[in-house]
Protein chains: 2
Amino acid sequence: MTAPQVARAGSTAGADTARTGTGTGAGEGTGTPAAARDTVAGVVRQWREVHPELDTGPMEVIGRVNRCAALLQQAEDAPLRRAGLSRAEFDLLGALRRTGHELTPGELARETFSSGAAVTKRVKQLTERGLVERRGDTRDRRVAHVRLTEAGRALVDGILPEQLAYEKAVLSALDGDRQGELAGLLGELLSRLEGHMQGLRR
Amino acid sequence: MTAPQVARAGSTAGADTARTGTGTGAGEGTGTPAAARDTVAGVVRQWREVHPELDTGPMEVIGRVNRCAALLQQAEDAPLRRAGLSRAEFDLLGALRRTGHELTPGELARETFSSGAAVTKRVKQLTERGLVERRGDTRDRRVAHVRLTEAGRALVDGILPEQLAYEKAVLSALDGDRQGELAGLLGELLSRLEGHMQGLRR
DNA sequence: AGCAGGTGTTTTACCCGTGAAATTACTGCG
DNA sequence: CGCAGTAATTTCACGGGTAAAACACCTGCT
C-alpha cells in the first residue's frame, strides 16, 4: 500500500512506457503474437512510429504490469465494496488476521506498505465500526496495539473465500500452467526488485 | 491512469491476496522455488496457516502483479519528479506526443485511463506551465482541443529516453528472454481482461 | 422553429493519502 | 537525577483523484 497507489482506487498505469522484448520472447509463431492485442501494444506501436530510434522494450513489460494491476484491482474492489470496505481497510484487517496476533500501528504500516498517518486514520475508522480494538502498551506508553474484534475477524473470514473465488474467476483467462509461469516470473522479478531497490535511487 | 491507481503514489498492492500456482509452474527444482523469496510468498504462507482449506493460488499471481506495479512505479517516478512532472502529467503529455495530434479532453481521459475531471485539472496546470495549449472547436463549441507546445514536446522528448533507460536498468533484474516471456504472459492476460472485463462486474 | 434528449466539459464537494511537524514517551549517559 | 537524543504515533495542511451535478451546446423530431 505504501507504494504509489498501485492499489487504491483510480489507479495508475494507463499510458505508460512499455517496450517490446529484447528480441526474445513472446512471439507464438502465428501472425499476431497472440498476446499483442492489448492496449499496451497499441501504445508502444505509436511510440515506435514517433521515435523509431528508441528501444521500447521495457514498456512492453512495465506498461503491462501496470495495466494488469489496474484492471485486477478494479475487479477486486467490487466484492469488497459490497462489504463496505475499501481495499486499504481490507488490507489492514487482513494483516491482523493472517498474522494472528495484535500489531502496532507501525507494524501495520510496514505490513500494508502505507504511511503511518494513513494507518492512524484507518484504525480510527475501523474502531468506530467495531471491527478493530486498540489498547495501549503497558510497558511503553508510546506504542499501541491493534487487534481484530470478533466482528472484524468474522468479516474477514467471510469475505476472503469470496474474494479468492472472484480472483480465480478473473484469472481463468489464463490456464493453470500459465498462471504458474507468470507467478514464477513475477516472483523472480519481485524478489530482486525488493532486494536491491534502494540502490537504484539515482 | 484511470484504473484504480495502480500507479499513483503510495501504491497499493501490499498485503493483497496471492495464491500459489495450480500445481504447475514456478518450481525450479532447487530447494526454494528461486523466485519465492519475495514479500508475497510470506503473506501467502501466513494465509495458508490460518486458512489451510482455501486455495491461495490467485494470490500468488495477483499479489505479485500488484506489488511489482507498486515498486516499478515508485522507481519510475524518480526520473519524472526530477523534471517536475507527476506520472499523471507525463501520461497526458505522452498521449499527445505519441498520437502526434491534438486530442480533446474526452479523448485524453480515455487515453490516459483517468476521469474527465482529472483531465480538466491537469490540462489547466499544464497550460499554466506552458507545456500545452487549448483551443475551442470551431464547429462544436462544447469541445476543446489540446495540443503540445514546443516546450511540451521538447520536455517529453527529453525525458523519454531517460525514462526508458531507467526502466531498462530496473528490469535488468530479469534477463532478456524472461522479460520477453513475462511480456507475453502479461499481454495474454491483459488482452483477455480488457476483452470481457465488463462481463464480470457482478 | 422549438424543444426533448444527449454529449462534452467543467465545477463542486468530498475522500484519502502523504510528508512534515508536533506530541508524548523511553533510554543512556554524565 | 536530568537531559540530549531517539522512537512511536498522531496531527496538520495540502495535493490530487473521484462521482455527481451543473453547464453549455448540439441534434433529431415534430
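Per chain, numbering begins at 1; letters A, B, ... match sequence-line order. Worth knowing before you read on, the calculation uses all heavy atoms, side chains too, and leaves out hydrogens, waters and symmetry mates.
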Reading DNA chain C from 5' onward, which residue's closest nucleotide shows up sooner: A:A118 or A:T138?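 Result of the comparison: A:A118.
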
Close side-chain approach of B:H101 to B:E107, heavy-atom, < 4.5 Å: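 No. Closest side-chain heavy atoms not under 4.5 Å.
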
Heavy atoms under 4.0 Å, any strand shown: does B:Q125 hit a base, just sugar-phosphate, or nothing?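 Counting heavy atoms under 4.0 Å across all strands, the contact made by B:Q125 is with sugar-phosphate only.
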
Would you kindly give the [atom1]-to-[atom2] distance between [X] and [N], to the nearest whole Å?
| X | N | atom1 | atom2 | result |
| --- | --- | --- | --- | --- |
| A:Q73 | C:dC16 | CD | P | 16 Å |
| B:D77 | C:dT18 | CG | P | 13 Å |
| B:D137 | C:dT7 | CG | P | 17 Å |
| A:R139 | D:dA8 | CZ | P | 17 Å |
| B:K124 | D:dG15 | NZ | C1' | 14 Å |
| B:E128 | D:dG15 | CD | P | 13 Å |
| B:L80 | D:dG16 | CG | P | 14 Å |

Applying side chain to side chain contact (heavy atoms under 4.5 Å, CB included), can you list everything that pairs with [X], at least two apart in sequence or on another chain?
| X | answer |
| --- | --- |
| B:T149 | B:E133, B:A151 |
| A:T120 | none |
| A:A173 | B:L189, B:R192 |
| B:D137 | B:R139, B:D140, B:V143, B:H145 |

For B:R141, which residues count as a salt bridge (Lys or Arg N to Asp or Glu O under 4.0 Å) partner, sequence neighbours excluded?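 None.
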
Check nucleotides 8-10 of chain C against the protein and report each pair of N or O atoms closer than 3.5 Å, with its distance, or say if there are none.
from: C:dT9; atom 1: OP1; to: B:A144; atom 2: N; distance (Å): 3.3
from: C:dT9; atom 1: OP2; to: B:G106; atom 2: N; distance (Å): 2.7
from: C:dT10; atom 1: OP1; to: B:R134; atom 2: NH2; distance (Å): 2.1
from: C:dT10; atom 1: OP2; to: B:T120; atom 2: OG1; distance (Å): 3.0

Of the listed nucleotides C:dA13, C:dC16, D:dC26, the one nearest the side chain of B:R141: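 Among the listed nucleotides, the one closest to the side chain of B:R141 is D:dC26.
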
